[in-house]
Amino acid sequence: MNNYNHKQIENKWQKIWKESELYKTPDTIPSKKNWYALSMFPYPSGDLHIGHWFAFTPADAHARFKRLEGFNVMHPQGFDAFGLPAENAAIKNNINPKKWTFDNISNMQKQFDMMGNSYDWSRKLITCTPEYYKWNQKFFVEMYKKGLAYRKNGPVWWDPIDQTTLANEQVVDGKSERSGADVVKKLMPQWYFKITDYAEELLDMDNLEWPEKIKQMQRNWIGKSSGVTINFSIENSNEKISTFTTRIDTIYGVTFVVLAPEHPIIKTLSLSKNKYVKEYIARSQKMSEIDRTSTIREKTGVRTDVCCINPLTGEKIPVFVGDYVLASYGSGAVMGVPAHDERDFLFARKYDLPVKVVVSPDGSKNFQLSKAFTGNGIQVNSEEFNGLNNVEGKEKIAKLVEEKKFGKKTITYHLRDWLISRQRYWGTPIPMFYDENNEIIPVEEKYLPVILPEAKEFMPTGQSPLTLDEKFLYFDHPRYGKLRRETDTMDTFMDSSWYHLKFASPGILDSPFKKEKIDLWNPVDQYMGGAEHAVMHLLYARFFNKVLRDLGYLDFDEPYKRLFNQGVMLARHMKISKRNNPLNPQPLVEKYGTDSVRAYLMFLGPWDRGGDWSDSGINGIYRWLNRVWDMITVQYKEKNISQEQTKISIQTSNEITKNILSDMKNFKFNTTIASLMEYSNFLSKIKKEGSISNTNWNNSCKRLLIHLSPICPHITEEIWSILGNKKSIHLQKNPTFDDKLLEKDNLTLMVQINGKLRDQIQVEKNAPKEQIIDNAKKIKKIQQHLEGMKIIKSIYVPGRIINFVAKPE
RNA sequence: GCCGAGGUGGCGGAAUGGCAGACGCAGCGGGCUUAAAACCCGCCGCCAGUAAAAUGGCGUGUGGGUUCGAAUCCCACCCUCGGUACCA
């Protein structure tokens, strides 16, 4: 028999699978249920590195496993092809972004082939093609007509390196998530999607089988908080300052009110006539957003010339401007309660403002504070509410505020509307016209797609490069005459918000997708990808699903039924250079083969944990696959068939299958492989002895191969065909197990004294408790340890342990 | 600060109330070989003990607790990673 030649085998089978269209998925197969296995599609950056392998090959193994379980599995792949890197490459190397993107795609697709994944490439999609982005545009127009897309002049995050605007989510620590630049706020007209309309529904994730961690992150991001909006009237004015608070129970403790520097009332009341106020506001606007939002920074502010009135007490309260108050949250103004809010406490101390305790932990009025007391307690100094628990106080005071029309209960969210427009070239053109009065006219469907024209100039200027294209910019409309086009393009998260639908319905040109096909496959049964998309892609896709539902395209509420996040593959302590790139899997594939690389990535540890990449240890996997190859391809010879070994081998086989079926289901590839290694070690011992029949041997080998096939699809397919099987191993069914066969006649029980292991004992399956305990007591070693002791209790847990609790006599 | 995950041999990790360290890497000893690689066999937590064994003690970040019994459950703390942060 030949030696294991991974290179030849992998080439051979990849070619055969392609030619026979083994992984092409029909929409339905009678008697099979559909299963949609989706990996988050990649950005075509140029090369697939080991991180991509870590994301995609275990996902493929899981999809293959579902196939063995008897599902009709669709496992598609495509390219998230719009985005900045293409444009940056264009600027840097003077390459056409389209060419750059498509070159990368063809290169990456070759690398994808090397992985041996079971992709149905007939469903491939590339988001930068007009056939795809046309539907972005159609959806956009429909959303506009429903009031879900709107244009607003607003303060937006501006990335000075990428020269474009960013959504809230794309700003991390005051820096651009993409470029790393310090972002600044700019006032510009922008397009938004009204994701906030769906905030409440997005919070409902009870029916999602997602990691709790991701759900929690989304909940935090949406940031629901309920409280009361209460209005403070201003002395000698008809204006009111409305403030939002979650602690209406502390209303009697308000000793000042703080406005955000951007608060509109500052203008209305001409508060900046006061030169200190004017200077303060000017200074805070110059300050970078990172400095302003730094929590370590001292809270500062400036006193204005006006006072307002606490509607409940009638007290006169000074009004400040302070940059620790954010214009974009709540109502842009807060009531200052220094006794019960950390920030207000620091502010009050700095400006020597009174601190009035209204909630006290023990109910005493003269409770002394060294810092704010933010816990629950008893209302004091709160007029008619004194003596109440503040939780109750909160309810009662809120009721009073509503009755007296001082304000009303309010719910606010941290979530802001999704900023969708980008002043960049390589994206979906936003399908809108403007007439001479700057009135917005959506592009009619017959004029879609608005084709992204070829461009020559990509230098970021703050305006979309499309502005420079006169031919694109103006349109002679039969009804409206000469119209100017919108030149902004869409955020690429638009593309990934519905791509999973397109996979289910490929090749359709007259509509985004066919509903009958969508319903066959969606929602996605198993979505797999990195946790870095927890609050962006995954939230947008959920929002978009609900929008499409409300537009009548879909009937279901959520796009991804189950989600699994693989961990991050780090490459620390390693220099990445083009010549010697430790992240490039190609040399490993050359040396050990795809199957070894796949198995090694899955063997490293739990998939959701990730780890520091190192290839030490892959040789162990390679050696093992070689042993499996030799063991099965070299003829088995019966020698002395033993009933005992036959029984053990059947037990072992059943046990292994039971473990593997459960581990594979739960993405525990590492323990699956460990079980397979154990099984092959066991079989190789059997082979040396020749102690089971040929039939049993063959069945065991088949079992091993089928279990291994999702992880190592090539070697298993080759051995499978060497064994004479005509139909692909990837079209087989999982081996089964029988719980009855797992029961053993004799068990080994551990014997403990006071919880310390002292010896073990063989017992018969159905032996009575008393007899077992009695026998255990008689063991020599146990007797030795019990010398001078008295057994006060004997514990017997069937199938597990015996424990004697003993004391000195 | 807050939310979440985690801390186990030289390394990756296994065990989620009952044999700690499965499986593998590295290492050590031996076989095969003129030799090396490959391959095969054996050993491999720490300390004490022994000619070698036997054997005993200790041991899952730290300290306490629950339990006949804890890596696993509870409390407090320390550290690492991920997320988030003046959200009123």
Can you tell me which stems RNA chain B forms, taking runs of 3 or more consecutive Watson-Crick or G-U pairs with both distances under 3.5 Å?
->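 Paired runs of 3+ in RNA chain B: B:1-7 with B:78-84, B:10-12 with B:23-25, B:27-31 with B:39-43, B:45-48 with B:55-58, B:61-65 with B:73-77.
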
Give a yes or no on whether the backbone of Tyr252(A) and the side-chain of Lys356(A) come within a donor-acceptor separation of less than 3.5 Å.
-> yes

Tell me the ring pair (Phe, Tyr, Trp, His ring centres under 6.0 Å) pairs involving residues 657-677 of chain A, sequence neighbours left out?
->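 Pairs touching residues 657-677 of chain A that pass the test: His62(A)-Phe667(A), Phe564(A)-Phe667(A), Trp607(A)-Phe667(A), Trp607(A)-Phe669(A).
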
Report which part of the nucleic acid [X] touches: base, sugar-phosphate, or nothing (heavy-atom distance under 4.0 Å, all strands).
X         : result
His785(A) : sugar-phosphate
Lys807(A) : nothing
Asp344(A) : nothing
Lys688(A) : sugar-phosphate
Arg627(A) : sugar-phosphate

Using nucleotides 72-76 of chain B, report all nitrogen or oxygen pairs with the protein that are shorter than 3.5 Å.
none

With rounding to whole Å, what would you report as the distance between [N] and [M] at their [atom1] atoms?
N      : M      : atom1 : value
U72(B) : G18(B) : C1'   : 11 Å
C40(B) : A48(B) : C1'   : 35 Å
U84(B) : C19(B) : P     : 41 Å
G49(B) : G42(B) : P     : 30 Å
G65(B) : A71(B) : P     : 15 Å
C87(B) : U80(B) : P     : 25 Å
G31(B) : A35(B) : P     : 11 Å
U8(B)  : G13(B) : C1'   : 9 Å

Reported [atom1]-to-[atom2] distance for the pair [X] and [Y], which is rounded to 0.5 angstrom:
X         : Y         : atom1 : atom2 : value
Lys224(A) : Ile411(A) : NZ    : CD1   : 4.5 Å
Asn626(A) : Asn619(A) : CG    : CG    : 11.5 Å
Gln762(A) : Asn775(A) : CD    : CG    : 12.0 Å

Report the distance from atom [atom1] of [X] to atom [atom2] of [N], rounded to the nearest whole Å.
X         : N      : atom1 : atom2 : result
Arg758(A) : U55(B) : CZ    : C1'   : 11 Å
His707(A) : C23(B) : NE2   : P     : 18 Å
Lys793(A) : G69(B) : NZ    : P     : 9 Å
Ile222(A) : U84(B) : CD1   : C1'   : 15 Å
Ile773(A) : C68(B) : CD1   : C1'   : 12 Å
Glu212(A) : G83(B) : CD    : P     : 19 Å
Trp221(A) : C87(B) : CH2   : C1'   : 11 Å
Asp341(A) : G1(B)  : CG    : C1'   : 14 Å

Which parts of nucleotides 4-15 of chain B does protein reach within less than 4.0 Å, heavy atoms only, written one letter per nucleotide 5' to 3' as B for base, S for sugar-phosphate only and - for none?
-> S-------BSSS

Would you say the side-chain atoms of Tyr329(A) and Thr412(A) include a donor-acceptor pair closer than 3.5 Å?
-> yes

ring-ring contact (aromatic ring centres under 6.0 Å, His included) involving Tyr351(A) - partner list, sequence neighbours excluded |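 If we apply the ring-ring contact (aromatic ring centres under 6.0 Å, His included) test to Tyr351(A), skipping adjacent residues, the hits are Phe320(A), Phe347(A).
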
Going by side chain to side chain contact (heavy atoms under 4.5 Å, CB included), name the residues that satisfy it together with [X], two or more places apart in sequence or in a different chain.
X         : answer
Arg247(A) : Thr245(A), Asp249(A), Thr250(A), Val359(A), Asn390(A), Lys394(A)
Gln784(A) : Lys780(A), Lys781(A)
Ala339(A) : Val355(A), Val357(A), Leu369(A)
Arg219(A) : Leu203(A), Met205(A), Glu212(A), Lys215(A), Gln216(A)

Within the 4.5 Å heavy-atom criterion, are [X] and [Y] side-chain neighbours or not?
X         : Y         : result
Val634(A) : Lys687(A) : yes
Leu353(A) : Pro338(A) : no
Arg703(A) : Tyr679(A) : yes
Arg627(A) : Ser680(A) : no
Val401(A) : Leu312(A) : yes

Are Glu395(A) and Lys409(A) within salt-bridge range, i.e. N to O under 4.0 Å?
->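 Answer for the salt bridge query: yes.
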
Are any of Asn681(A)'s side-chain N or O atoms less than 4.0 Å away from OP1 or OP2 of G24(B)?
->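 Affirmative; the distance criterion is met.
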
Output yes when at least one side-chain N/O atom of Ser225(A) is less than 4.0 Å from OP1 or OP2 of A88(B), else no.
->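 Yes.
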
Tabulated below should be each protein N or O lying under 3.5 Å from an N or O of nucleotides 17-20 of chain B; please produce it.
from	atom 1	to	atom 2	distance (Å)
G18(B)	N2	Gln752(A)	OE1	3.3

Looking at [X], I want to see if its [atom1] is surrounded by more than 12 non-hydrogen atoms of other residues, nucleotides or ligands under 6.0 Å.
X         : atom1 : result
Lys240(A) : NZ    : no
Lys777(A) : NZ    : yes
Gln783(A) : CD    : yes

Contact list for RNA chain B against residues 616-625 of chain A - heavy-atom distance below 4.0 Å |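 Result for residues 616-625 of chain A: Gly617(A), Asn619(A), Gly620(A), Arg623(A), sorted by number.
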
For the ring-ring contact (aromatic ring centres under 6.0 Å, His included) test, which of Trp624(A), Trp629(A), Tyr592(A) pairs with Tyr4(A)?
->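 It is Trp629(A), the one option of Trp624(A), Trp629(A), Tyr592(A) that forms the ring-ring contact (aromatic ring centres under 6.0 Å, His included) with Tyr4(A).
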
Nearest-neighbour nucleotide for the Val334(A) side chain, C23(B), C3(B), A88(B) considered = A88(B)

Consider the side chain of Lys756(A), meaning its heavy atoms from C-beta on, and name the nucleotide among C87(B), C58(B), A88(B) that approaches it most closely.
->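 Nearest to the side-chain atoms of Lys756(A), counting from C-beta on, is C58(B).
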
Syn versus anti for G59(B), judged by chi lying within 90° of 0?
->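 This nucleotide is in anti.
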
Grab the N/O contacts between the protein and nucleotides 64-67 of chain B below 3.5 Å, and write none if there aren't any.
none

